[in-house]
Novice: 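I am attaching a structure below and will ask some questions about it afterwards.
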Amino acid sequence: MLNRRYALPSISALIAFEAVARRKGFARAAEELNTSQPAISRHIRNLEIRFGTRLFHRDGHDVRLTAAGEGFYASTLQALDGLQQAVDTVAQTAPEVTLASSHAVSHLLLMPRYRDLRRALGKGVELRFLTAEYHLIGAAIETGADVVFEYARTAPNRDHVLICREEVKPVGTPEVIAQATAALNGQADPPGLLELQQKNLGWTTWAKWQAAHPEAAGWTECDAHDNYVYLLEMAASGAGLALGWRGFVGGYLDRGSLVGLPGDWFATDVGIYARLTRNGERNDKARACLAALKTLSDI
């Protein structure tokens, strides 16, 4: 029996190479794969070291395949497409749609609309959720996600739906908000601020909100949490003041467990988008899911 042994680069490196070649840029490939540009650069550098040849000509922002790169790209594309078809044949015995998102998006935006999504997709379609910290969602995409939720200032290039714009304001229990209101009038000490202890990837922070509201410039942190869902739960317990996304805190506001500080919501140019992945573009049910999300995006 023939004993085959394969000495191949990682699938992540091949996917990164294909994206750079097709999108003609490291930054554009990183955006599509929802990862960092240095991570894409490491994959390409490791491939070039492994092969002992350059795969791309780099001239400033201009990225072009070398002759060796063009040959490797043609073979890589054929291999990835063949592998994807094989995966689809094995995995899609029953229709399914896989959504990849952060914990906050899954828990606060999708779960309240789960029944509506299931109804829109119809019977017999499995709806799966992949959740991860936001900076790790790129790895989830590579496992076969069809729809990914991401923060961005500009709309994605692939088919997408704008779920909500970033609008924030301080939220807390009625007692904490009363204290904050009194503090703005100089009648009490301000409540403590609950900070999100994560690497910031574009969303509004307390510092940005305070820059637009100098009357609260002296308010300081009292606690920090690495998960936005937990942070809101702490705010609902009266532990301090949270910075609430309008799209995320709707359930808390409806129940009255959190109320907003009087005044307008602070709006930015950031939005949460649901977009199809390369895998999702081949999945009719993923497109149906995207259409359903569009009807549910009034949040």
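Computed from a predicted structure; not experimentally measured. Numbering starts at 1 and runs along the sequence shown.
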Novice: So, do Leu99 and Leu127 sit near enough that their side-chain heavy atoms are less than 4.5 Å apart?
Specialist: yes
Novice: Between CG of Asp81 and CZ of Arg282, what distance do you get to the nearest 0.5 Å?
Specialist: 5.5 Å
Novice: Do other residues, nucleotides or ligands put more than 12 heavy atoms under 6.0 Å from Arg255 CZ?
Specialist: yes
Novice: Looking at every non-hydrogen atom in both residues, tell me the closest pair between Ser101 and Leu110 and how far apart they are.
Specialist: OG-CD1, 4.2 Å
Novice: Locate the shortest heavy-atom distance separating Leu290 from Val161; write the atom from each residue and the value.
Specialist: O-CG2, 3.4 Å
Novice: Please walk me through it: do Val147 and Leu276 pass side chain to side chain contact (heavy atoms under 4.5 Å, CB included)?
Specialist: CA-CA 5 Å; Val147 180; Leu276 293 181; 4.0 Å; yes
Novice: Is Trp265 linked to Leu258 within one hydrophobic cluster, defined over Ile, Leu, Val, Met, Phe, Trp and Tyr using a side-chain heavy-atom separation of less than 4.5 Å?
Specialist: yes
Novice: Taking everything shown except Gln78 itself, do over 12 heavy atoms lie less than 6.0 Å from its CD?
Specialist: no
Novice: Do the ring centers of Tyr273 and His160 come within less than 6.0 Å of each other?
Specialist: yes
Novice: With clusters defined by side-chain heavy atoms of hydrophobic residues (ILVMFWY) lying less than 4.5 Å apart, directly or transitively, does Tyr230 cluster with Leu196?
Specialist: no
Novice: Hey, does Ile11 have a side-chain heavy atom less than 4.5 Å from the side chain of Leu83?
Specialist: yes
Novice: Out of curiosity, Lys24 NZ to Arg64 CZ, how far, rounded to the nearest 0.5 Å?
Specialist: 11.0 Å
Novice: Is there a donor-acceptor contact under 3.5 Å from the side chain of Thr277 to the main chain of Ala145?
Specialist: yes
Novice: Is a donor on one side and an acceptor on the other found under 3.5 Å between the side chain of Asn283 and the backbone of Glu96?
Specialist: yes
Novice: To the closest 0.5 Å, what do you measure between CG (Leu14) and NE2 (His43)?
Specialist: 9.5 Å
Novice: Would you say Trp206's side chain and Leu194's backbone share a donor-acceptor pair under 3.5 angstrom?
Specialist: yes
Novice: Could you tell me which non-hydrogen atom of Ile177 sits nearest to which non-hydrogen atom of Pro262, and how far apart they are?
Specialist: CG2-CD, 4.1 Å
Novice: Can you check whether Arg28 reaches Asn157 side chain to side chain, under 4.5 Å on heavy atoms?
Specialist: no
Novice: For the side chain of Ser237 and the backbone of Met234, is there at least one donor-acceptor N/O pair under 3.5 Å apart?
Specialist: yes
Novice: Please give me the minimum heavy-atom distance between Phe26 and Ile44, naming the atom from each residue.
Specialist: CE2-CG1, 3.7 Å
Novice: Taking the side chain as every heavy atom from C-beta outward, state whether Thr66 and Thr53 have any pair of such atoms under 4.5 Å apart.
Specialist: no
Novice: Given Thr204 and Val270, is the side chain to side chain contact (heavy atoms under 4.5 Å, CB included) satisfied, shown in steps?
Specialist: CA-CA 9 Å; Thr204 293; Val270 174; over 6 Å; no
Novice: I'd like to know if Arg278 pairs up with Glu32 as an ion pair, taking the criterion as any Lys NZ or Arg NE/NH1/NH2 lying under 4.0 Å from an Asp or Glu carboxylate oxygen.
Specialist: no
Novice: Under the side chain to side chain contact (heavy atoms under 4.5 Å, CB included) criterion, do Trp219 and Leu184 qualify, and how do the steps go?
Specialist: CA-CA 10 Å; Trp219 297 9; Leu184 290 174; 3.6 Å; yes
Novice: Is Leu108 close to Leu232 at the side-chain level, that is, under 4.5 Å between some pair of heavy atoms?
Specialist: yes
Novice: Kindly say whether the aromatic ring centers of Tyr228 and Trp203 come within a distance under 6.0 Å.
Specialist: no
Novice: Salt bridge check: are Glu48 and Arg58 linked by an N-O gap of less than 4.0 Å?
Specialist: yes
Novice: For Phe266 and Arg246: C-alpha separation, side-chain torsions, deciding distance, then whether side chain to side chain contact (heavy atoms under 4.5 Å, CB included) applies.
Specialist: CA-CA 10 Å; Phe266 177 65; Arg246 192 172 192 170; over 6 Å; no
Novice: Could you tell me the separation between the SG atom of Cys164 and the CZ atom of Phe248, rounded to the nearest 0.5 Å?
Specialist: 6.0 Å
Novice: Could you check if a side-chain atom of Glu166 sits within less than 4.5 angstrom of a side-chain atom of Tyr151, using non-hydrogen atoms only?
Specialist: no
Novice: Taking the six-membered ring for Trp, are Trp209 and His213 parallel (under 30°), tilted (30 to 60°) or perpendicular (over 60°)?
Specialist: parallel
Novice: When rounded to the nearest 0.5 angstrom, what is the spacing between CE in Met111 and CG in Leu117?
Specialist: 8.5 Å
Novice: Students often mix this up, so state it plainly: with edges at 30° and 60°, are the rings of Phe72 and Phe51 parallel, tilted or perpendicular?
Specialist: perpendicular
Novice: Please tell me if the side chains of Val249 and Trp245 come closer than 4.5 Å, counting only heavy atoms from C-beta onward.
Specialist: no
Novice: Using a distance-only test with no angle check, is there a side-chain donor-acceptor pair under 3.5 angstrom linking His57 and Asp59?
Specialist: no
Novice: Quick check: closest heavy atoms across Ala224 and Gln197, and the distance to 0.1 Å?
Specialist: CB-OE1, 3.3 Å
Novice: Should Arg287 and Glu281 count as side-chain neighbours, where that means a heavy-atom distance under 4.5 Å?
Specialist: yes
Novice: If you look at every heavy atom in Arg23 and Ala29, which pair is closest and at what distance?
Specialist: CB-N, 4.3 Å
Novice: Yes or no on salt bridge (charged side-chain N to carboxylate O under 4.0 Å, His left out) for Arg119 and Asp116, after CA distance, side-chain angles and deciding distance?
Specialist: CA-CA 5 Å; Arg119 186 183 299 117; Asp116 293 328; 2.9 Å; yes
Novice: Testing the 3.5 Å rule here: is there a donor-acceptor pair between the side chains of Glu18 and Thr76?
Specialist: no
Novice: Would you find more than 12 non-hydrogen atoms of other residues, nucleotides or ligands less than 6.0 Å from Asp269 atom CG?
Specialist: yes
Novice: About how many Å separate CD of Gln84 and CG of Asn279, when rounded to the nearest 0.5 Å?
Specialist: 4.5 Å
